[in-house]
2 protein chains.
Amino acid sequence: MFRIGELAKQHGINADTLRFYEKHGLLAPSARSDNGYRVYSRDDAQRLAFILRAKAVGFSLGEITELLSIEVNKSQRVCSDVKDVVDDKLMKVSEKIAELERFRFSLQLLSDGCCGGSHSAEHCTILQALESCEPADFSQLAAETHADS
Amino acid sequence: MFRIGELAKQHGINADTLRFYEKHGLLAPSARSDNGYRVYSRDDAQRLAFILRAKAVGFSLGEITELLSIEVNKSQRVCSDVKDVVDDKLMKVSEKIAELERFRFSLQLLSDGCCGGSHSAEHCTILQALESCEPADFSQLAAETHADS
DNA sequence: GTTGACCTTGGAGTAGACTCTAAGGTTTAT
DNA sequence: ATAAACCTTAGAGTCTACTCCAAGGTCAAC
Ligand SMILES: [Zn+2]
Ligand SMILES: [Zn+2]
Ligand SMILES: [Zn+2]
Ligand SMILES: [Zn+2]
């Protein structure tokens, strides 16, 4: 039986975060003490641990809500229900990675084209690219770099 | 000389977005017509193109503000000023990719461990992992998968 | 002279995940 | 008895990048 501050400290989170999770239906303490304080049971703590582990693999609170709703009556649910949620997330994460890798590629080309020296930025290839290149076509830049002279 | 709707349409964006950029100091029309309409010059359009190209490589509006402030007085600035912004972003993007790849790895292990079949989720390895594994240590799961029988 | 397509403004709403504030009640120690 | 360290609530604020709304002004066409 833990009070909000204890449980929060144990898991390295803010007590406000626990109130926030409660307001959003993720985790409610199973009891209140006479003075109105929230009282969390060991089961509550386990549910919190579930939430935090799911967060640690990238799930949003909305997705965790879905996972929890499967978890609480898992006898009625099947493996594919669970795996679908994971595979769905896997796709979203992969798409986000792909987008960021496109960013990284373009940024690397921009960086490689610029001498990074201390001459005036008037002829900086990065600025020139952003001023006039076709979007997402910085490949011209990759070839011609200029020297800091 | 373009009105807000024209300029927006030319660039495939919403007129509201242009007003938003103006409010946040990214792009103000260089004139207003007698009736109070915004009037964008060709220079304004080029500045917008700069903003959109920067967005296309992943820069946030805050970062674009910084790039623009360098661009407008580039004669006073040097290549390293520009390259620093790009390299800074490159690092942030790489870090975000690394985080998402950790997510992807964990999610893949979770997915691989689950049969995805139609038997009760009571013994689903995904739920078991989220209930009891050490965070970010789903490697045990990778080995022992169960069959849908 | 009215319809329709444009434009203006200020302000509110959205999503996600908190984080903080104000105003007050409770418990424990000194 | 009073300070500190807890706890309560409702509600506001943060960040990002828009997007939408209401109420109204402008302009060209028919
Ligand atoms: Zn240079
Ligand atoms: Zn340069
Ligand atoms: Zn199974
Ligand atoms: Zn399973």
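Because only heavy atoms are used, hydrogens play no part in the values below, and waters and symmetry mates are left out as well, while side chains stay in. Every chain is numbered from 1, with letters handed out A, B, ... down the list of sequences.
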Assign K9(B) to base, sugar-phosphate, or nothing according to its heavy-atom contacts below 4.0 angstrom with the strands shown.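 Here K9(B) touches no strand at all.
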So R19(A), base contact, sugar-phosphate only, or nothing? Heavy-atom distance under 4.0 Å.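 Base: the residue R19(A), judged by heavy atoms under 4.0 Å, touches a nucleobase.
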Under 3.5 Å, side chain of T125(A) to main-chain N/O of G113(A), donor-acceptor pair present? yes
Each nucleotide N or O in nucleotides 19-25 of chain C that has a protein N or O under 3.5 Å away: list the pair and distance.
| unit_1 | atom_1 | unit_2 | atom_2 | d |
| --- | --- | --- | --- | --- |
| dG25(C) | N2 | Y37(A) | OH | 2.8 |

Sequence-distant partners of R3(B), side-chain hydrogen bond (donor to acceptor under 3.5 Å, both in side chains), two or more places apart: none
List in chain and number order the residues that pass side-chain hydrogen bond (donor to acceptor under 3.5 Å, both in side chains) with N73(B), two or more places apart in sequence or in another chain; answer none if no residue qualifies.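 For N73(B) there are no side-chain hydrogen bond (donor to acceptor under 3.5 Å, both in side chains) partners, ignoring immediate neighbours.
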Ring pair (Phe, Tyr, Trp, His ring centres under 6.0 Å) pairs touching residues 38-72 of chain B, sequence neighbours excluded, are none
Does any residue of residues 38-50 of chain B have a heavy atom under 4.0 Å from DNA chain D, and if so, which ones, in number order?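 Within this stretch, nothing sits under 4.0 Å of the strand.
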Among Ile, Leu, Val, Met, Phe, Trp and Tyr joined by side-chain contacts under 4.5 Å, find the other residues sharing a cluster with V78(B) and list them by chain and number.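 Once heavy-atom contacts under 4.5 Å are chained together, V78(B) still belongs with nothing else.
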To which residues is M1(A) joined in a hydrophobic cluster, defined by side-chain heavy-atom contacts under 4.5 Å among Ile, Leu, Val, Met, Phe, Trp and Tyr, whether direct or through other members? V39(A)
For the helix from dG1(C)-dC30(D) to dT30(C)-dA1(D), measure the angle between the helix axis at one end and the axis at the other, each built from five pairs, rounding to 10°. 30°
Taking atom CZ of R42(B) as the centre, does the number of heavy atoms from other residues, nucleotides or ligands within less than 6.0 Å exceed 12?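 Open.
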Can you sort out the partners of E66(A) under side-chain contact (heavy atoms from CB on, under 4.5 Å), two or more places apart, ordered by chain and number? V85(A)
List for me each residue that meets side-chain contact (heavy atoms from CB on, under 4.5 Å) alongside D43(B), sequence neighbours excluded, and say none if there are none. S41(B)
Rounded distance (nearest 0.5 Å) linking atom SG of C124(B) with atom CZ of R77(A): 11.5 Å
Show every donor-acceptor pair shorter than 3.5 Å between a side-chain atom in residues 13-20 of chain A and any protein atom, with sequence neighbours excluded, or say none if there are none.
| unit_1 | atom_1 | unit_2 | atom_2 | d |
| --- | --- | --- | --- | --- |
| N14(A) | OD1 | D16(A) | N | 2.9 |
| D16(A) | OD1 | R19(A) | NH1 | 2.9 |

Can you check side chain to side chain contact (heavy atoms under 4.5 Å, CB included) on K89(B) and V86(B), steps first, answer last? CA-CA 5 Å; K89(B) 183 67 183 180; V86(B) 170; 5.8 Å; no
How would you give the extent of chain A contacts on DNA chain D, as first and last nucleotide 5' to 3' within a 4.0 Å heavy-atom cut-off?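 Contact boundaries, 5' end first: dC6(D) to dT9(D).
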Test side chain to side chain contact (heavy atoms under 4.5 Å, CB included) applied to L100(A) and K96(B), K92(B), E95(B), E99(B), the passing residue: K96(B)
